[in-house]
Every structure is written in C-alpha cells, then in structure tokens.
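None of these values were measured; they are calculated from a predicted model. Hydrogens, waters and symmetry mates play no part in the numbers below; they use all other heavy atoms, side chains included.
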Amino acid sequence: MSGEAILVTGGAGFVGSHAVRELVDRGFRVVVADDLSLGHRAAVHPQATLAVLDLGDRAALARLFEAHGFFAVMHFASKSLVGESMAYPFRYLRDNVVNALNLVELCVEKGVKRFVLSSTANLFGEPDVMPIDEAARIEPGSPYGESKHLIERILLWADRIHDVRSACLRYFNAAGAHPDGSLGEDHQPETHLIPLVLDAAAGRRSHIEIFGSDYPTPDGTCIRDYIHVCDLAVAHALVLDLLGERSCRFNLGNGTGYSVREVIDAATRVTGKAIPVREGARRPGDPPALVAGSALIRKELGWSPRFADLETIVRHAWAWRQSHPQGYGDRATVA
Ligand code: UFG
C-alpha cells in the first residue's frame, strides 16, 4: 500500500497534522488540502504537498483529485467548537456538511473507495450510560455534533449505493502534542482546556476559569476522556486496511474520564506551577460527562493507546507550549 496518495483535508490543523506525520512515516504520499483559515503552513509536513484551497470550491477540489489519483481521503477540515456552534448553528451545519458532500461526491466520481471521517463524541449528546460505545443512541449535543452526524449519514449512502467504504472515528477530547516537539496545538483563539490551563501555569493568562462547578459529577466539574493526538493519528492509519473490506465506525478515547479539576491538578504536578482558578458559569452545549468505550477498535484494529496516561498527555502539551509560546508563530496570539 505504501507510496499510495492520500488526500488529507485539514492537514495543517491539530489532529490532521499529526495524522499526516503518521502517514508520511508509513510511506504514503500525502496531499494536504487546507484553506489555512485555522491551520498553519508550518504544521504541514515538509514531505507533504500543500494545496491551499477552500473545500467549498468544488472545481479546485476536482482538479486536485484529477492531478493525484487518490487512494483514500481523510477528512479533518471542519469547524469543531461545540460552544461556537451553539452561537452560529447554521454556519456550522452548512459549511461542515456542504464541504463533506463535495468531497464524498468527488470520491464517487473519481473512484476513490476509502474515506476516513474525523467525527466526534458530541454525536451522543448527554448519554446516561457510560462508557459510550458504538451502540449508544445518537442524539447530537450541538449543531457541531449534528453536522458530523449528517456527514456520517451521507457516508452510509455513499457506501450502500457507490461502494465508497468509510470509517467514522468519533474522537473524544484530542490533546497532547507530538513527543518530538515538532507539532502541537495552536488554535487562535484558544478555547480548549489543556492549552488554556498550561497558559495559566506559564503566566500567559491570569487564571483558568472552570465552566460550571455544579454538574452532577463527583467534584461538580465536567468529565472528559482526553486522548493523545498521536494515538488518534495511529488509528487513522490502521483503519485503511479494514476499508478494503467494509465500512466501520469506532469510538476513540482512553476509556477513563477526568474532571476539569483533575486536569488542573495534573497540570499543576507536571508544570510545578501554581495555577490560579476561578469558578464561572456553565458553557452552553457542554455535557456533564463523556467517556469512550473503545473496546471495538481495540478488538478489530488491534489499536491501543501509547500515551493513555493524563500526565503524559499534559507533559507533551507543556513541552510544546514552552518551546512554541507563540504557537507556529504565523498569527497574532489572541487571549
Ligand atoms: N473548560 C473549562 N474552562 C475553559 C475551557 C474548557 O472549564 O476555559 C471545560 C469545558 O467546559 C469542558 C472541558 O473543559 O467541560 C473540555 O473543554 P474543551 O473546550 O477542551 O473541549 P470540549 O469537550 O468542549 O470539546 C472537544 C472538541 C470537540 C469535540 C469534543 C468531544 O473541541 O470538537 O471535545 O468530546 F466534539
């Protein structure tokens, strides 16, 4: 399979750039399609080809398919903030769904039979059974989660009618950074818990605000399953073989939940710094707890996380944050 060309949309973003690294290391030829609105040119692997384009531009996308003859498509490019999607629901639904539809239609037209979707735990809304496995009821918790659900449905019909096999990988909370320090998380503005906590530890922020301390959880703060971005990347590479046989969907997390306070405690231990905390209001759309049941992907792909431990995840993120205080340095830092 080595040497085959793979299109990675959003390959300049956080999870996408780590997946590109994994694919290049495994000998694939990678073409990144990214409009660089959220991603970073410097995050694109030097051996990958970068096409700066908007996935809404179907003609440009069609030319890319024609030029490279892709073996598979991995679709990361997306708006992906739960809270933002509650403020701009239709922007999320339209952009995420239309862009994915363009890609899926081109896969059908150009005979690309393998499609990997970056999907989300937000598909499951506020489930009452934990951990959340693939049999859990789908009830998206936000327009963002709904947009991914609609894309999963589009892929179902692409499979049934056109034999495009797809893998829907429902990530829980992607975190960490590449252990060699070359890649990491750089969102502008940053909204994710771990980088914000680390910025508070480094003194770049005055404090970390806890969004809600009255949830029905042991310490009152939200529980999430943090998964190392390199472990996510490996899952994308492993699933390509299975797509030669059939479509699949997997929930991807470590199976252990940590509260916001536990994350702050882990960051205090890793950094050795005091982290000022303030308790604030709940953030709209945030479910109290999301913990993955990942038995299926472990069994069917032999996947298992290399960096399951929360302190390791935070340590890698801290190393990146310290070596790249301005992130990739291509945008003004927004506090
Ligand atoms: N949080 C705070 N303070 C902050 C930032 C976050 O208390 O300043 C809390 C949130 O309320 C939440 C937890 O920390 O309980 C994690 O929040 P993140 O913003 O880091 O991540 P989310 O859980 O909101 O969402 C992430 C991705 C989504 C994905 C989801 C799946 O951004 O794309 O994980 O679980 F859908």
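The CG atom of Leu238 lies 7.5 Å from the CD1 atom of Ile297; values are rounded to the nearest 0.5 Å. Rounding to the nearest 0.5 Å places CD of Glu105 at 11.0 Å from CG of Leu61. Here the OG-CG distance, from Ser78 to Asp95, works out to 9.5 Å after rounding to the nearest 0.5 Å. Glu109 contributes atom CD, which lies 9.5 Å from atom CZ of Phe65 (distance to the nearest 0.5 angstrom). Distance check: Phe70 CZ to Glu66 CD gives 10.5 Å after rounding to the nearest 0.5 Å. In this structure, CD on Glu262 lies 7.5 Å from OG1 on Thr221, to the nearest 0.5 angstrom.
Judged purely by distance below 3.5 Å, without hydrogens or angles, the side chains of Glu84 and Tyr144 never pair a donor atom with an acceptor atom.
A salt bridge does not link Arg114 with Glu4: none of the charged nitrogens is closer than 4.0 Å to a carboxylate oxygen. Asp128 has no carboxylate O lying under 4.0 Å from a charged side-chain N of Arg137, or vice versa, which leaves the two without a salt bridge. One finds no salt bridge joining Glu152 and Lys148 here, because no Lys/Arg side-chain nitrogen approaches an Asp/Glu carboxylate oxygen to under 4.0 Å.
Proximity of the aromatic rings of Tyr328 and Trp320 is defined here by a centroid distance below 6.0 angstrom, and this criterion is met. Ring centroid separation for the pair His236 and Tyr171 comes in under the 6.0 Å cut-off.
Cluster membership check: Phe250 shares its hydrophobic cluster with Leu243, using side-chain heavy-atom separations under 4.5 Å among Ile, Leu, Val, Met, Phe, Trp and Tyr. The hydrophobic clustering, which links ILVMFWY residues whose side-chain heavy atoms are closer than 4.5 Å, places Ile154 and Val108 together. Hydrophobic clustering keeps Leu101 apart from Phe76 (ILVMFWY residues linked when any side-chain heavy atoms are closer than 4.5 Å, directly or through intermediates). In terms of hydrophobic clustering, with Ile, Leu, Val, Met, Phe, Trp and Tyr side chains grouped at heavy-atom distances under 4.5 Å, Leu106 and Val112 are assigned to a common cluster. Both Leu117 and Val97 belong to a single network of hydrophobic side chains, linked directly or stepwise wherever heavy atoms of I, L, V, M, F, W or Y lie under 4.5 Å apart.
For the pairing with Asn99, the side chain to side chain contact (heavy atoms under 4.5 Å, CB included) check across Thr9, Asp35, Leu55 returns one residue only, Leu55.
Under the 6.0 Å distance and 45° angle rule, Arg91 counts as a cation-pi partner of Tyr88.
Side-chain contact check for His187 versus Glu185: some heavy-atom pair is nearer than 4.5 Å. Side chains of Leu64 and Leu7 form a contact here, defined as non-hydrogen atoms less than 4.5 Å apart. In this structure the side chain of Cys230 never reaches within 4.5 angstrom of the side chain of Arg306, judged on heavy atoms. With a 4.5 Å cut-off on side-chain heavy atoms, Phe14 and Asp186 do not count as touching. With a 4.5 Å cut-off on side-chain heavy atoms, Val229 and Arg21 do not count as touching. Here the side chains of Pro287 and Leu290 are in contact, with some heavy-atom distance below 4.5 Å. Using a 4.5 Å heavy-atom threshold, the side chains of Asp34 and Val52 count as separate. Looking only at side-chain heavy atoms (C-beta outward), Ile138 and Phe124 come within less than 4.5 Å of each other.
Closest approach of Ile194 to Ala175, counting heavy atoms only: CD1-CB, 3.8 Å. When all heavy atoms of Lys273 and Thr268 are compared, the closest pair comes out as O-CG2, 3.3 Å. Arg224 and Pro288 make their closest contact through NH1-O, 3.7 Å (heavy atoms, listed as atom of the first residue, atom of the second, distance). The shortest non-hydrogen separation linking Ile208 to Ile264 is CG2-CD1, 3.8 Å. Across all non-hydrogen atoms, the minimal contact from Ala43 to Ala12 is CB-O, 3.6 Å. Annotation for Val239 and Ala167: closest pair CG2-CB, 3.6 Å, computed over non-hydrogen atoms.
A donor-acceptor pair is defined here as one N or O able to donate and one able to accept, closer than 3.5 Å; no such pair exists between the side chain of His18 and the backbone of Ala177. Of the possible polar contacts, none joining the Asp133 side chain to the Ala295 backbone as a donor-acceptor pair under 3.5 Å is found. Under a 3.5 Å cut-off, the side chain of Asp225 and the backbone N or O of Gly255 do form a donor-acceptor pair. Between the side chain of Trp303 and the backbone N or O of Asp231, at least one donor-acceptor pair lies under 3.5 Å.
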Would you sort out whether Glu209 and Arg283 count as a salt bridge (charged side-chain N to carboxylate O under 4.0 Å, His left out), showing the intermediate values?
CA-CA 11 Å; Glu209 181 173 340; Arg283 186 173 63 178; over 6 Å; no
Begin with the C-alpha distance, continue with both residues' side-chain angles, and end with the deciding distance and a verdict on side chain to side chain contact (heavy atoms under 4.5 Å, CB included) for Leu123 and Glu139.
CA-CA 6 Å; Leu123 287 190; Glu139 188 63 59; over 6 Å; no
Run Ile6 and Arg29 through side chain to side chain contact (heavy atoms under 4.5 Å, CB included) and show every step you take.
CA-CA 6 Å; Ile6 300 193; Arg29 253 184 327 116; over 6 Å; no
Evaluate Asp265 against Arg261 for salt bridge (charged side-chain N to carboxylate O under 4.0 Å, His left out), listing each step before the verdict.
CA-CA 6 Å; Asp265 290 347; Arg261 283 191 214 281; over 6 Å; no
Determine, stepwise, if the pair Asn251 / Ser294 fulfils side chain to side chain donor-acceptor pair (under 3.5 Å).
CA-CA 6 Å; Asn251 292 0; Ser294 290; over 6 Å; no
Determine whether Asp159 and Arg165 satisfy the following criterion, salt bridge (charged side-chain N to carboxylate O under 4.0 Å, His left out), listing intermediate values before the conclusion.
CA-CA 5 Å; Asp159 178 320; Arg165 307 296 175 224; 2.9 Å; yes
List the steps and the verdict of side chain to side chain contact (heavy atoms under 4.5 Å, CB included) for Val197 and Thr271.
CA-CA 10 Å; Val197 168; Thr271 62; over 6 Å; no
Determine, stepwise, if the pair Glu146 / Leu93 fulfils side chain to side chain contact (heavy atoms under 4.5 Å, CB included).
CA-CA 7 Å; Glu146 187 73 62; Leu93 287 161; 3.9 Å; yes
Could you give me the CA-CA distance, side-chain angles and deciding distance for Asp180 and Ser182, then say whether side chain to side chain donor-acceptor pair (under 3.5 Å) is met?
CA-CA 6 Å; Asp180 76 1; Ser182 62; 2.6 Å; yes
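Applying the ring-ring contact (aromatic ring centres under 6.0 Å, His included) test to every pair with at least one member in residues 193-234, sequence neighbours left out, gives these pairs: His228-Phe307, His228-His316.
Enclosure of atom CZ in Arg58 by more than 12 non-hydrogen atoms of other residues, nucleotides or ligands within 6.0 angstrom is indicated.
For the side-chain hydrogen bond (donor to acceptor under 3.5 Å, both in side chains) test, residues two or more places apart in sequence or in another chain that qualify with Arg282 are Asp214. In terms of the side-chain hydrogen bond (donor to acceptor under 3.5 Å, both in side chains) criterion, residue partners of Arg321 (sequence neighbours excluded) are, by chain and number, Asp199.
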